[in-house]
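Below you'll find the structure, written out as structure tokens, and then a few comments.
In this text the structure is predicted, and so the values were computed from the model without any measurement. Numbering of ligands and ligand atoms starts at 1, following listing order.
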Amino acid sequence: MNTIQACIFDLDGVIVDTAVYHYKAWKRLANELGFDITEHQNEQLKGVSRMASLDLILGWGGLTKTQTEKEELATRKNAWYVDMINKMTPAEILPGAKEFVELCTQAGIKTALGSASKNSVTILKRVGIDHLFDVVIDGNKVSKAKPDPEVFLKGAQELGVAPQNCVVFEDAIAGVEAAINGGMHSVGIGLPDILGKADMVVSGLDQMNLEKLKELGALNPLKGELALGQNRSK
Ligand code: G6P
Ligand code: MG
């Protein structure tokens, strides 16, 4: 039986509710370019890096841009996004998130942040929880986007914990896939319809407790199942 020694948390949509700001900023950019994006399309942007998100959006709008133009567009979107996150307050920490990270620490379970966002540290400081994590791996420290497991494997490595003893908390399909690809346990934060590949799906970290971590520890995370196109056995 495996035991859980580390919890690795995605940021956007798991710890704080920034997904809505990303959506607003991308929507504004798309609108300026002459088209719109839907909430359903936004679901596919969750957990996806800034440039990869832009490529998807341009594809939806049927637009082709040069690398220089893309960099300008991504910078424009990020400026609007940063304007919004600079106004964030601790009230925007999602229910139970701070308490659960603290509970892990008290129980001797290590904690890491594993996010594609290059704005991670700004956000953590803004909402006053930058001291809470043992390790922070963000978009400035990785080169491969989820579903590549790089961000989570780096977190596990810096914590000194084997992947099979880690649980990843994710609101994005690509993030759950990254956890599976890294041979880690996963908890989906959101709807089972969308995050069904995760070992367990809960509506928020306020629904997590040490008992559930124990249950996860009893599962055997199998590496590479996703590559074979199979769902994980529960
Ligand atoms: C997270 C979000 C994505 C975002 C990405 C990069 O994974 O879920 O929506 O595109 O981070 O964020 P950044 O702040 O670097 O643009
Ligand atoms: Mg997320």
Side-chain angles (χ1 to χ4, degrees), residues 7-30 37-60 70-88 92-94 97 101 112-127 130 133 136-152 154-155 167-180 182 184 186-191 194-195 197-198 201-205:
C7 287
I8 307 181
F9 301 89
D10 173 50
L11 178 66
D12 297 298
V14 172
I15 301 290
V16 284
D17 197 8
T18 41
V20 59
Y21 299 134
H22 279 297
Y23 181 44
K24 277 188 185 163
W26 284 128
K27 203 176 174 65
R28 181 169 170 187
L29 188 73
I37 58 169
T38 64
E39 274 189 53
H40 178 73
Q41 285 170 320
N42 186 53
E43 209 53 51
Q44 294 171 57
L45 301 178
K46 288 186 178 175
V48 177
S49 72
R50 197 181 306 166
M51 291 313 281
S53 299
L54 178 64
D55 282 337
L56 280 173
I57 291 165
L58 291 175
W60 294 331
K70 282 199 229 175
E71 271 153 31
E72 188 277 320
L73 292 171
T75 303
R76 211 192 301 173
K77 179 266 173 181
N78 191 55
W80 295 327
Y81 179 68
V82 169
D83 271 353
M84 289 187 270
I85 60 174
N86 276 337
K87 294 185 192 105
M88 284 179 81
E92 284 168 87
I93 299 173
L94 286 166
V101 180
L113 189 91
S115 167
S117 174
K118 293 183 173 169
N119 294 300
S120 293
V121 175
T122 307
I123 294 167
L124 291 179
K125 283 192 176 148
R126 246 338 282 178
V127 301
D130 50 311
F133 301 91
V136 173
I137 309 291
D138 66 9
N140 300 296
K141 291 191 180 168
V142 293
S143 57
K144 294 182 210 134
K146 300 169 189 175
D148 189 284
E150 184 187 16
V151 65
F152 298 137
K154 257 200 173 149
V167 182
V168 165
F169 294 87
E170 260 293 349
D171 70 318
I173 303 160
V176 169
E177 290 172 350
I180 295 169
M184 298 179 177
S186 56
V187 174
I189 304 290
L191 299 172
I194 294 172
L195 302 167
K197 282 179 183 164
V201 180
V202 292
S203 58
L205 288 176

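- With values rounded to the nearest 0.5 angstrom, Asp12 atom CG is found 3.0 Å from Thr18 atom OG1.
- Distances shorter than 2.8 Å separate the Mg ion (ligand 2) from the protein N/O/S atoms Asp10 OD2, Asp12 O, Asp171 OD1.
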Self-check item: Worked verdict on Val187 versus Leu205 for side-chain contact (heavy atoms from CB on, under 4.5 Å)
Solution: CA-CA 10 Å; Val187 174; Leu205 288 176; over 6 Å; no

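- Atom CD1 of residue Ile37 and atom CD1 of residue Ile57 lie 4.5 Å apart, to the nearest 0.5 angstrom.
- Formation of a donor-acceptor pair under 3.5 Å by the Gln41 side chain with backbone atoms of Thr38 is found in this model.
- With rounding to the nearest 0.5 angstrom, the CG atom of Asn42 is 12.0 Å from the NZ atom of Lys24.
- With respect to the salt-bridge test (charged N to carboxylate O, under 4.0 angstrom), the residues Lys146 and Glu170 qualify.
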Quiz prompt | Step-by-step side-chain hydrogen bond (donor to acceptor under 3.5 Å, both in side chains) determination, Lys77 to His22 | solution = CA-CA 9 Å; Lys77 179 266 173 181; His22 279 297; 2.9 Å; yes

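- A distance-only check finds no donor-acceptor pair linking the side chain of Lys118 to the backbone of Asn140 [under 3.5 Å].
- Panel note: side chain Lys141, backbone Val136; a donor-acceptor pair is recorded below 3.5 Å.
- Contact residues of ligand 1 (protein heavy atom closer than 4.0 angstrom to a ligand atom; sorted by chain and number): Asp12, His22, Leu45, Lys46, Gly47, Val48, Ser49, Arg50, Ser53, Tyr81, Ala116, Ser117, Lys118, Asn119.
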